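Here is the structure we will look at.
Computed over heavy atoms, backbone and side chain alike; hydrogens, waters and symmetry mates excluded. As the structure is a computational prediction, the values presented were derived from the model and not from experiment.
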Amino acid sequence: MGKVYLIDVTNRDGVQTAKLGLSKLAKTMINIYLNDMGVYQSEFGFPTTKHESNYLRANLKLAEMGVLQPIHLGGWMRATAEDVERAYELIPNLKHLNLSISTSDQMITGKFQGAKSEQDILKTATDAVDAAKAYGAETVGLNAEDASRTDIDFLLQYASAAKEHGADRFRYCDTLGYDNPFTIYNTCKRLAEELEIPIEVHCHGDLGMAVANSVSAAMGIIDGGQDAYINTTINGIGERAGNADLVAVVLALKKSKGLAQKYKFGMPIRLSMAWRISKYASYAFDVPIPINQPGVGANAFAHASGIHADGVLKDPQNYELYDFKELGRGEPEIVETGREICSGEYGGISGFGHIMGKMEIDIGRGGDAERILEMVRYANVLAQKPLVSDELRFIAKYPDIAKELLTLSPLA
Ligand SMILES: [Zn+2]
């Protein structure tokens with residue numbers, strides 16, 4: 001029986017979203033939280049993009065140090081041999097890749113406009129897989145962008161070619177959120193049965209079905225005899241209407257009628273991280289969590305009407321499907337209402353010592369403390385808002401790594 005694994009794409013689809021972005025420190029914190037939560041892989045960035053290089057290298061170092069373990073760190077790029085070559089020039093120890101090219105008629109005619117035929121796409125993509133394997137990639141996923149609008153026979157031909165060239169997984173991208181739970185179940189089951197390799201699903205919420213489609217696709221893949229890898233983002237942040245929300249996907253698989261008995265996670269998922277990871281992503285992206293967000297919204301466990309309040313007071317299970325404590329909620333949060341000393345890009349040692357002392361973070365003395373403060377100043381330049389305690393703790397613990405991922409050298 002196949003199992004479910006999560007590949008979170010917040011640090012790729014999430015950050016490429018219009019009007020949104022994350023500092024390199026925030027992307028690193030997200031990798032750490034995803035690892036703590038039990039997510040299989042973080043699509044951690046764009047290896048061909050120069051301003052990502054120091055961040056990507058620093059995070060691969062954290063993996064070598066055991067800090068980012070057992071999570072896999074996967075880079076995303078276009079499925080061309082040139083992109084793979086460039087990625088390995090910049091990031092030689094990249095281990096996991098997803099390579100992407102469009103496969104639908106719409107994209108072939110509407111985007112490539114005659115520059116590429118189906119045969120060209122097969123050749124370009126398989127050359128890219130060959131190149132990745134030649135550079136020593138441990139795992140390669142080949143993506144079909146706009147798979148849900150691609151002719152199924154061509155899709156099977158494309159994915160089979162990828163498998164023949166050594167691709168480890170095939171990513172079915174419902175790029176425009178066009179599928180529904182029935183169509184995606186059937187297609188993904190057929191792909192799993194005919195291809196006999198693990199399948200990834202990448203769903204978008206243009207019709208409000210990203211989570212339902214992801215879960216349904218995973219069911220189809222597992223019923224078809226393969227492992228299912230679901231692409232998620234924290235708080236569902238992604239292109240346009242967003243991607244499948246990480247916490248909602250976990251809740252659906254664990255709590256929906258009859259699912260947990262048959263469709264199991266391949267590694268333990270710590271749902272208790274849900275509150276922390278959602279709150280952090282909301283702060284880092286500057287996007288509030290909707291009040292009615294599953295599990296983590298302000299109203300997810302709120303009751304006002306007489307019948308509901310009475311019922312939940314008698315037995316919470318009357319009106320709550322799961323307990324707030326399972327999501328790591330319920331701890332009091334301290335919100336400063338009086339004087340406040342914050343971290344900032346022009347901060348000095350006295351204020352900084354006060355902040356770190358309050359959080360009981362040891363920064364040493366003299367030169368050590370000055371060095372950590374300098375990193376915190378740079379982190380503030382990039383974040384443009386006060387750092388949270390986990391970020392300050394990270395910088396104090398790994399100042400050398402922080403220095404590397406905070407270094408941006410345009411024109412270098
Ligand atoms: Zn996407």
### Task
Ignoring hydrogens and angles, tell me if any N or O in the side chain of Y185 forms a donor-acceptor pair with the backbone of N180 under 3.5 Å.
no

### Task
Identify the heavy atoms of I234 and L34 that sit nearest to each other, and give their distance.
CD1-CD2, 4.2 Å

### Query
Is the side chain of N318 donor-acceptor paired with the backbone N or O of V312 at a distance under 3.5 Å, no angle test?
no

### Query
When you check the gap from the basic side-chain N to the acidic O, do E145 and R171 get nearer than 4.0 Å?
no

### Message
Would the distance check show the side chain of E320 and the main-chain N or O of Q317 forming a donor-acceptor pair, the cut-off being under 3.5 Å?
### Response
no

### Message
For the backbone of V376 and the side chain of N380, can you confirm whether one donor and one acceptor N or O come within less than 3.5 Å of each other?
### Response
yes

#### Entry: Heavy-atom check, side chain of N98 versus side chain of E200, under 4.5 Å
yes

### Task
I would like to know whether E82 and M77 meet side chain to side chain contact (heavy atoms under 4.5 Å, CB included); could you show each step before the answer?
CA-CA 10 Å; E82 295 75 43; M77 67 205 70; over 6 Å; no

### Exercise: identify the closest heavy-atom pair between A244 and V249
CB-CG2, 3.9 Å

### Query
Are E326 and K254 ion-paired here, with the side-chain N under 4.0 Å from a carboxylate O?
no

#### Entry: Note, V201 side chain near C188 side chain (heavy atom, < 4.5 Å)
yes

### Query
CD of E360: more than 12 outside heavy atoms within 6.0 angstrom?
no

### Message
Using a 6.0 Å cut-off, check whether atom OH of Y178 has over 12 heavy atoms from anything other than its own residue.
### Response
no

### Message
For Y398 and E404, which I'm curious about, is there any donor-acceptor pair between the side chains at under 3.5 Å?
### Response
no

### Query
With distance as the sole criterion, is a donor-acceptor pair present between the side chains of N54 and R57 under 3.5 Å?
yes

#### Entry: Any side-chain donor near an acceptor of the partner, D127 and T124, under 3.5 Å
no

### Query
Short question: side chain of K262, backbone of I222 - any donor-acceptor pair under 3.5 Å?
no

### Query
Can a donor-acceptor pair be found between the side chains of Y172 and D179 at a distance below 3.5 Å?
yes

### Task
Flag the pair R240 and D206 as a salt bridge only when some basic side-chain nitrogen lies within less than 4.0 angstrom of an acidic carboxylate oxygen.
yes

### Query
Does atom CD of E345 have more than 12 heavy-atom neighbours, drawn from other residues, nucleotides or ligands, at distances under 6.0 Å?
yes

### Summary
Between A58 and L405 the two heavy atoms that sit nearest each other are CB-CB, 3.9 Å

### Query
Is any side-chain N of the basic residue among K385 and D286 closer than 4.0 Å to the acidic one's carboxylate O?
yes

### 4.5 Å side-chain heavy-atom contact, I71 and N31
no

### Task
Working to the nearest 0.5 Å, report the span between OG1 of T48 and CG of D83.
5.0 Å

### Message
Is any side-chain heavy atom of L387 closer than 4.5 Å to one of M29?
### Response
no

### Message
Does I7 form a side chain to side chain contact (heavy atoms under 4.5 Å, CB included) with H96? I'd like the steps, not just the answer.
### Response
CA-CA 12 Å; I7 295 184; H96 309 285; over 6 Å; no

### Task
Answer yes or no: is there a donor N or O on one side and an acceptor on the other, between the side chain of N11 and the main chain of K27, under 3.5 Å?
yes

### Query
Under 6.0 Å from the NZ atom of K163, do we count more than 12 heavy atoms belonging to anything else shown?
yes

### Task
Hey, could you give me the CD/CG distance between E239 and L20, rounded to the nearest 0.5 Å?
10.0 Å

### Task
Answer yes or no: is there an ion pair linking R393 with D390, defined by an N-O contact shorter than 4.0 Å?
yes

#### Entry: Any I395 side-chain heavy atom under 4.5 Å of I372 side chain
yes

### Task
Hey, could you give me the CD/CG distance between Q293 and N299, rounded to the nearest 0.5 Å?
12.0 Å

### Message
If we ignore hydrogens and angles and just use 3.5 Å, is the side chain of T126 paired with the main-chain N or O of H165 as donor and acceptor?
### Response
no

### Query
Is it true that a side-chain atom of S104 and a backbone atom of R149 form a donor plus acceptor pair closer than 3.5 Å?
no

### Query
Step by step, would you call R371 with D400 a salt bridge (Lys or Arg N to Asp or Glu O under 4.0 Å)?
CA-CA 10 Å; R371 185 153 181 267; D400 293 333; 2.6 Å; yes

### Task
Identify the heavy atoms of T407 and S409 that sit nearest to each other, and give their distance.
CG2-OG, 3.8 Å

### Task
Assign the ring pair Y55 / F44 to parallel, tilted or perpendicular, where the plane angle (0 to 90°) is split at 30° and 60°.
tilted

### Message
Looking at R377 and E374, is there a salt bridge between them, counting it only when a charged N and a carboxylate O are closer than 4.0 Å?
### Response
yes

### Task
Return yes if a side-chain donor-acceptor contact under 3.5 Å exists between N243 and D13, otherwise no.
yes

### Task
May I ask you to decide if the ring planes of F46 and W76 are parallel, tilted or perpendicular, using 30° and 60° as cut-offs?
perpendicular

### side chain to side chain donor-acceptor pair (under 3.5 Å) evaluation trace for S117 with D120
CA-CA 5 Å; S117 66; D120 295 332; 3.2 Å; yes

### Query
Roughly how far, to the nearest 0.5 Å, is the CD1 atom of I30 from the CG atom of L25?
10.0 Å

### Main-chain N/O of I237 paired to T233 side chain as donor or acceptor, under 3.5 Å
yes

### Task
Taking the side chain as every heavy atom from C-beta outward, state whether F112 and I121 have any atom pair closer than 4.5 Å.
yes

### Task
Applying side chain to side chain contact (heavy atoms under 4.5 Å, CB included), run through S160 and L195 and close with a yes or a no.
CA-CA 6 Å; S160 302; L195 296 169; 3.5 Å; yes

### Message
Under a plain distance cut-off of 3.5 Å, with no hydrogens placed, do N93 and E64 share a side-chain donor-acceptor pair?
### Response
yes

### Query
What distance do I32 atom CD1 and L68 atom CG have between them, rounded to the nearest 0.5 Å?
5.5 Å

### Task
Could you check if a side-chain atom of V215 sits within less than 4.5 angstrom of a side-chain atom of V4, using non-hydrogen atoms only?
no

#### Entry: Salt bridge flag under 4.0 Å for residues D146 and K111
no

### Query
With ring centroids as reference points, do Y322 and F301 lie under 6.0 angstrom apart?
yes

### Task
Please determine, by modelled atom types, if D168 and T139 share a side-chain donor-acceptor pair under 3.5 angstrom.
no

### Message
Around atom CD of E336, are there more than 12 heavy atoms from other residues, nucleotides or ligands closer than 6.0 Å?
### Response
yes

### Task
Hey, could you give me the CD/OG1 distance between E118 and T103, rounded to the nearest 0.5 Å?
9.0 Å

### Query
If only atom types and distance count, is the side chain of K255 paired as donor or acceptor with the main-chain N or O of V250 below 3.5 Å?
no

#### Entry: Option among T109, I101, I108 that satisfies the side chain to side chain contact (heavy atoms under 4.5 Å, CB included) test with K116
I101

#### Entry: Side-chain donor-acceptor pair present, D8, S42, cut-off under 3.5 Å
no

### Query
Does CZ belonging to R12 count more than 12 external heavy atoms closer than 6.0 Å?
yes

### Query
Should E333 and K279 count as side-chain neighbours, where that means a heavy-atom distance under 4.5 Å?
yes

### Task
Please name the pair of heavy atoms, one in I221 and one in A192, separated by the smallest distance, quoted to 0.1 Å.
O-CB, 3.6 Å

### Task
Identify the heavy atoms of L6 and V39 that sit nearest to each other, and give their distance.
O-CG1, 3.4 Å

